[in-house]
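Here, residue 1 is the first one in the sequence, and each next residue gets the next number.
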Amino acid sequence: LLMIKIQSYLFPVLAAMALIIASSCKTTNITAEAPENGPSTAPNLAPIPSIINVPVSVPAKQLENRINQEFTGVIYSGDNLENGMLNMKVTKTGQITVIADNNMVYFSIPLHIWISGHWQYKACSFCPNLSAEQSGEFDIVVKTQSTIALTNNWQLQTKTTGDYNWGNQKPAINIGPVSIPVSSAIDLALKPQLGKIFARLDQEIQSRIVIKDYALKAWIAAQQPVLVNKDYNTWLIINPTGVSASSLQTKAGQMSMTIGISADISTVSGEMPHPVVNNTLPSLTIQNGADDEFNISLSAEANYGFATQVLQKQVDGQTYTFDNDKYEIKVDSISLSGNKDNVLIRLDLEGKQKKDKKPVKGTIYMQGQPYYDPADYSLKVKNLDYSIKTKNVLLSSANWILKSGLENEVKKHLVFSIKDRLDQAKTMLQNSMNTNNRINENAYYKGTINTIEPQGVYITPSSMKAIVNAKGKITIIVDKL
């Protein structure tokens, strides 16, 4: 009977103890809801202005050939010099030579002078008339120099000055017993003609060196889309916004300057764009030197599927301990996606504290901001933290996870190299500048890519996308006018 009574009292106690032990070993569910989803905001990245160089070079020989075609024959003819005693005719002889150097244009104009003198003498009223005629020929070279400048309405301004020099022996003709010096007579007739010659030279320079034609051809050519990659149907788009130029220089037989077309440059993929071409060349801004840097935005992305695979290889099944083995967390599965402007990390995990044998298990979420690290050409995540809903769950059931430092361990693995994609984009653009670079029948372009700098990173429904700025130099060559 006593045994029966003891058993009757002992059974509830054992049952209670078993219940306590069972409840202490039961796993705590820490599953949190995912943050509310929403669209991302694409960054409003203002285009970085670029300068497209258009070198203009006109050989002095080209101007020389044209001027020699225009200047031919008689420059001056007169028959009433020195009170009718002298007749003179001045013609161009030989080639006018043109030298472009030291920021000036120099002309040498060879002239041939024919002069005829008439002498008449009567000693008395009943004496016979004595008369004689004599002619002479002389050669001189008129030396000139021209300054050249370009106005903001694309007009070439020139100012030509010059003179000639008889040297130590001035010309004279002997008529009978009289020696008549003719240099002053020639000067009197020829000097006024020099101004007309110089004006014609200015006119020829201005009409033969038409900088505006080069600039307009380049301006229109720049607006033509250029296919830079056939595989991806990628087009280079240039939107010109203004024009500047260096001052006109002359050196080593060339008259040259650099026109700089300010533009926004981008790439698009798809069918060939058809922009409305602006055929009006804007006013020119003259500056000491034209800039020569161009900028173009390139993009590279890491899609979430790829990023998740990278993470899973590194993290899935891994057990992490923290604070001298005080905390232990095993990651069963990890995945990455986008949410609004953040990267969202989902972790299926289980873990426990050393002092508390009761394990936890469930799904939690972390989120952070993506950024591009130019040091290793990779996309990374900063400010990684638990989502608000995850924090609320953990505060009430597993506060120790918040203190464990798990987010720092996860962040170490959030590194996704896009170097190959950037190199591919850079190579594609560089190759297009080296080959198949004719824009139209009037012009072609060439250039180099020097550096790549980050502009921004944003979240898309399927990927993290980095926008980088490729810097370099680009030149449009107008080879047909």
Side-chain angles (χ1 to χ4, degrees), residues 47-59 62 100 103 148-154 156 209-228 235-267 275 277-298 426 428-453 469-481:
I48 301 176
S50 297
I51 301 295
I52 302 170
N53 282 344
V54 183
V56 177
S57 183
V58 179
Q62 179 178 320
N103 295 330
I148 304 179
L150 192 63
T151 67
N152 61 0
N153 63 349
W154 298 98
L156 205 62
I209 307 175
V210 187
I211 304 297
K212 188 174 183 178
D213 286 353
Y214 286 88
L216 184 59
K217 294 288 186 184
W219 176 265
I220 293 174
Q223 298 175 68
Q224 308 303 313
V226 178
L227 183 64
V228 295
W235 299 85
L236 184 71
I237 304 297
I238 299 175
N239 178 31
T241 57
V243 184
S244 61
S246 64
S247 57
L248 190 63
Q249 307 287 318
T250 65
K251 185 179 179 180
Q254 296 285 332
M255 292 168 280
S256 59
M257 67 182 301
T258 300
I259 298 171
I261 298 179
S262 304
D264 298 330
I265 304 178
S266 60
T267 57
V277 176
N278 177 7
N279 291 311
T280 302
L281 191 66
S283 298
L284 178 66
T285 300
I286 302 294
Q287 55 189 41
N288 291 333
D291 294 330
D292 60 359
E293 185 174 79
F294 92 99
N295 300 272
I296 182 171
S297 292
L298 302 174
K426 180 180 176 182
M428 174 193 73
L429 194 58
Q430 185 63 69
N431 288 342
S432 75
M433 293 181 175
N434 297 335
T435 58
N436 300 322
N437 51 2
R438 178 158 288 281
I439 302 171
N440 54 31
E441 68 276 8
N442 298 313
Y444 67 95
Y445 72 93
K446 63 179 181 179
T448 57
I449 306 296
N450 296 327
T451 60
I452 290 181
E453 299 177 357
N469 181 55
K471 288 179 176 288
K473 296 183 179 181
I474 189 170
T475 300
I476 291 181
I477 313 294
V478 178
D479 57 352
K480 292 181 182 179
L481 285 177

Which distance, rounded to the nearest 0.5 Å, do you find between the [atom1] of [X] and the [atom2] of [Y]?
| X | Y | atom1 | atom2 | result |
| --- | --- | --- | --- | --- |
| Ile474 | Ile296 | CD1 | CD1 | 7.5 Å |
| Ile51 | Asn53 | CD1 | CG | 8.0 Å |
| Gln62 | Gln254 | CD | CD | 9.5 Å |
| Ile238 | Asp264 | CD1 | CG | 10.5 Å |
| Asn278 | Trp219 | CG | CH2 | 6.0 Å |

Review point. Does Lys471 have any salt bridge (charged side-chain N to carboxylate O under 4.0 Å, His left out) partners at least two apart in sequence or in another chain, and if so, which?
Key: Glu293
Among residues at least two apart in sequence or on other chains, which ones pass side-chain hydrogen bond (donor to acceptor under 3.5 Å, both in side chains) with [X]?
| X | answer |
| --- | --- |
| Asn469 | Asn295 |
| Thr241 | none |
| Asn103 | Gln249 |
| Thr151 | Asn153 |

For the student: nearest non-hydrogen atoms of [X] and [Y], plus distance:
| X | Y | value |
| --- | --- | --- |
| Pro225 | Ile237 | CB-CD1, 3.8 Å |
| Thr475 | Pro55 | CG2-CD, 3.2 Å |
| Ala263 | Pro240 | CB-CA, 3.8 Å |
| Met257 | Ala245 | CE-CB, 3.5 Å |
| Asn450 | Gly472 | ND2-CA, 3.7 Å |

[X]: partners by side chain to side chain contact (heavy atoms under 4.5 Å, CB included), with sequence neighbours left out:
| X | answer |
| --- | --- |
| Gln224 | Ile220, Val277, Ile439, Asn440 |
| Ala215 | Trp154, Ile259, Leu281 |
| Pro49 | none |
| Ile148 | Val105, Leu156, Thr158, Ile205, Leu248, Met255 |

Review point. Sub-3.5 Å donor-acceptor pair from the side chain of Ser246 to the main-chain atoms of Thr258, do we have one?
Key: yes
Check your understanding: Is it true that a side-chain atom of Gln430 and a backbone atom of Gly447 form a donor plus acceptor pair closer than 3.5 Å?
Key -> yes
